[in-house]
Q: 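Pasting a structure below so you can have a look.
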Amino acid sequence: MTTIESAEVIVTSPDRNFVTLRLTTDEGLVGLGDATLNGRELAVVSYLRDHVVPLLLGRDPHRIEDTWQFLYRGAYWRRGPVTMAAIAAVDVALWDLKARAAGMPLYQLLGGASRTGLLAYGHASGRDLPELFDSIRDHLDQGYRAIRIQTGVPGLQTIYGVASNARSAEPTGAAGGGRYDYEPAGRGAQPQEEDWDTRAYLRHLPGVFEAVRGEFGPELPLLHDGHHRMTPIEAARLGKALEPYDLFWLEDCTPAENQQGLRLVRQHTTTPLAIGEVFNTVWDYQTLITEQLIDYVRSAVTHTGGITALRKILDFAAQYQIKSGIHGPTDISPVGMAAALHLDLAIHNFGIQEYMKHGAKTDQVFQQSFRWEDGLLHPGDQPGLGVELDVDEAGQYPYVQAYLPYNRLADGTVHDW
Ligand code: CS2
Ligand code: MG
């Protein structure tokens with residue numbers, strides 16, 4: 001029986017911080033797993049190094065389900081972003097290993113391809129309409145067939161999702177040479193405080209979508225991220241106001257810890273709803289799925305216990321005609337992104353994949369074999385995930401403290417960011 005001989009937790013910060021687990025067997029096979037939890041990276045590093053790695057050495061790498069259950073039930077303290085990111089890294093590394101051992105791309109091990117390519121969406125944004133229109137045209141030029149729209153709001157200084165006013169880590173050259181997408185985590189010893197006003201946002205946003213439809217027509221799939229900032233009735237109002245503009249989805253319209261809050265949103269609007277990027281287990285979805293309160297599952301492989309767990313959530317969602325919309329921002333590493341693409345290609349209920357491009361330095365550290373052609377993604381046909389980590393290159397970029405921003409209302413109250 002082959003065994004896990006080494007388990008390294010590799011932290012690097014080319015364009016932003018990433019945490020990668022690298023497992024090596026006594027036969028020299030390597031498996032990679034993403035454990036990046038934006039703004040709390042070192043908590044997962046410690047969970048892995050201090051608690052999980054000692055349990056992996058000497059184990060049979062091929063017993064993926066057993067290892068998942070051992071790490072989930074055996075920890076006694078279940079769920080939560082840190083635990084589930086750590087378990088995800090182990091799970092994905094084991095799937096990578098098994099597919100490499102089998103000499104096939106991971107999607108083949110997951111049941112083979114259910115489609116030829118994966119519709120993906122990119123992030124267009126602007127402080128005003130001219131800037132937003134330029135950003136949309138830039139994404140169309142890059143080949144995107146679906147586009148997420150985020151916009152500035154008059155009266156607010158900084159707002160989620162608008163690249164041009166982000167204090168991102170540092171302006172980095174994207175593969176396309178321009179300033180790449182919006183990187184929310186700012187390097188520094190303290191998080192940035194941002195301002196928020198829901199009424200100003202609700203007054204402004206419908207007009208922006210009216211203008212975008214006017215300029216780009218009725219067909220282009222348009223998405224928007226409400227980023228957890230509205231109460232259920234405010235979200236219901238926005239969903240209704242956006243119906244004329246036929247959104248592909250409205251995302252995270254209200255903090256979804258209150259799952260039943262979505263009942264009120266559903267009562268008032270038919271705008272499709274996507275939720276789940278901050279979820280960690282199937283239990284976070286139970287009411288949302290069984291009561292048909294969402295249309296897309298937004299979890300990332302990296303934050304939901306890996307391929308083993310997310311595939312089960314998507315199989316559960318499929319019974320309710322709910323599709324995938326896997327989270328794919330820059331804080332999901334190329335390893336986590338590759339895992340998402342293999343799962344996307346194999347499942348039946350694929351909806352769409354988020355695709356923010358990583359920076360040039362990141363692409364040096366992580367050699368990737370996925371394809372982006374004519375607006376469709378494909379994981380590639382290399383054995384395993386199809387990603388190699390250059391440890392020497394990674395070593396040139398030590399960890400840099402970075403935090404996600406937080407919000408305060410005009411009266412100083414802390415609000416969802
Ligand atoms: C966002 C993310 O991509 C999205 O849908 O919600 O950019 C999110 O803000 C970051 O992943 C937080 O780390
Ligand atoms: Mg989001």
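Ligands are counted one by one from 1 in listed order, and the atoms in each one are counted from 1 as well.
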Q: Salt bridge check, Glu388 against Arg100: does any charged N sit closer than 4.0 Å to a carboxylate O?
A: yes

Q: Pick whichever of Glu277, Met356, Arg148 has a heavy atom sitting closest to atom 8 (C) of ligand 1.
A: Glu277

Q: Please name the pair of heavy atoms, one in Ser114 and one in Ala346, separated by the smallest distance, quoted to 0.1 Å.
A: OG-O, 2.7 Å

Q: Do we see a donor-acceptor contact under 3.5 Å between the side chains of Arg187 and Ser13?
A: yes

Q: Could you tell me whether Asp374 and Arg145 have a side-chain N and a carboxylate O separated by less than 4.0 Å?
A: yes

Q: Would Tyr121 count as a polar contact of ligand 1, with the cut-off being nitrogen or oxygen pairs under 3.5 Å?
A: no

Q: What protein heavy atom sits nearest atom 3 (O) of ligand 1, and how far away is it?
A: Glu354 OE2, 2.5 Å

Q: I need the minimum non-hydrogen distance between Thr330 and Arg16, along with the two atoms involved.
A: O-CD, 3.2 Å

Q: Please name the pair of heavy atoms, one in Ile149 and one in Val208, separated by the smallest distance, quoted to 0.1 Å.
A: CG2-CG1, 4.4 Å

Q: Tell me which N, O or S atom from Glu251 is the closest to the Mg ion (ligand 2).
A: OE2

Q: Check whether the side chains of Asp225 and Gln150 place a donor and an acceptor atom closer than 3.5 Å, and report yes or no.
A: no

Q: Considering non-hydrogen atoms of the protein only, which is the closest contact for atom 10 (C) of ligand 1, and what is the distance?
A: Asp331 OD1, 3.5 Å

Q: Could you tell me which atoms of ligand 1, counted from 1 in the order shown, lie closer than 4.0 angstrom to a heavy atom of Glu251?
A: 5 (O)

Q: Is the distance from the Mg ion (ligand 2) to some N, O or S atom of Glu277 under 2.8 Å?
A: yes

Q: Please work out, at 4.0 Å between heavy atoms, whether the side chain, the backbone, both, or neither of His303 comes within that distance of ligand 1.
A: neither

Q: What residue and atom, counting heavy atoms only, is the protein's closest point to atom 1 (C) of ligand 1, and at what distance?
A: Tyr160 OH, 2.9 Å

Q: To check your reading of the model: name the closest protein heavy atom to atom 9 (O) of ligand 1, its residue, and the distance in Å.
A: His227 NE2, 2.8 Å

Q: Identify, by atom number and element, the atoms of ligand 1 in contact range of Pro329, meaning under 4.0 Å from any of its heavy atoms.
A: 3 (O), 7 (O), 11 (O)

Q: Just checking His358 against Phe18, ring centres under 6.0 Å apart?
A: yes

Q: Report the nearest protein non-hydrogen atom to atom 13 (O) of ligand 1: residue, atom name, distance rounded to 0.1 Å.
A: Asn38 ND2, 2.9 Å

Q: Quick one: does NZ or CZ of Arg408 land under 6.0 Å from the six-membered ring centre of Trp196, within 45 degrees of the ring axis?
A: no

Q: Which atoms of ligand 1 are found less than 4.0 Å from any heavy atom of Asp225?
A: 1 (C), 4 (C), 5 (O), 6 (O)

Q: Looking only at heavy atoms, is any part of Ile332 under 4.0 Å from ligand 1, and if so is it the side chain, the backbone, or both, or is it neither?
A: neither

Q: Whether Asp91 and Arg311 form a salt bridge (side-chain N of Lys/Arg under 4.0 Å from carboxylate O of Asp/Glu) is what I want to check.
A: no

Q: Taking both backbone and side chain into account, is any N, O or S atom of Asp225 nearer than 2.8 Å to the Mg ion (ligand 2)?
A: yes

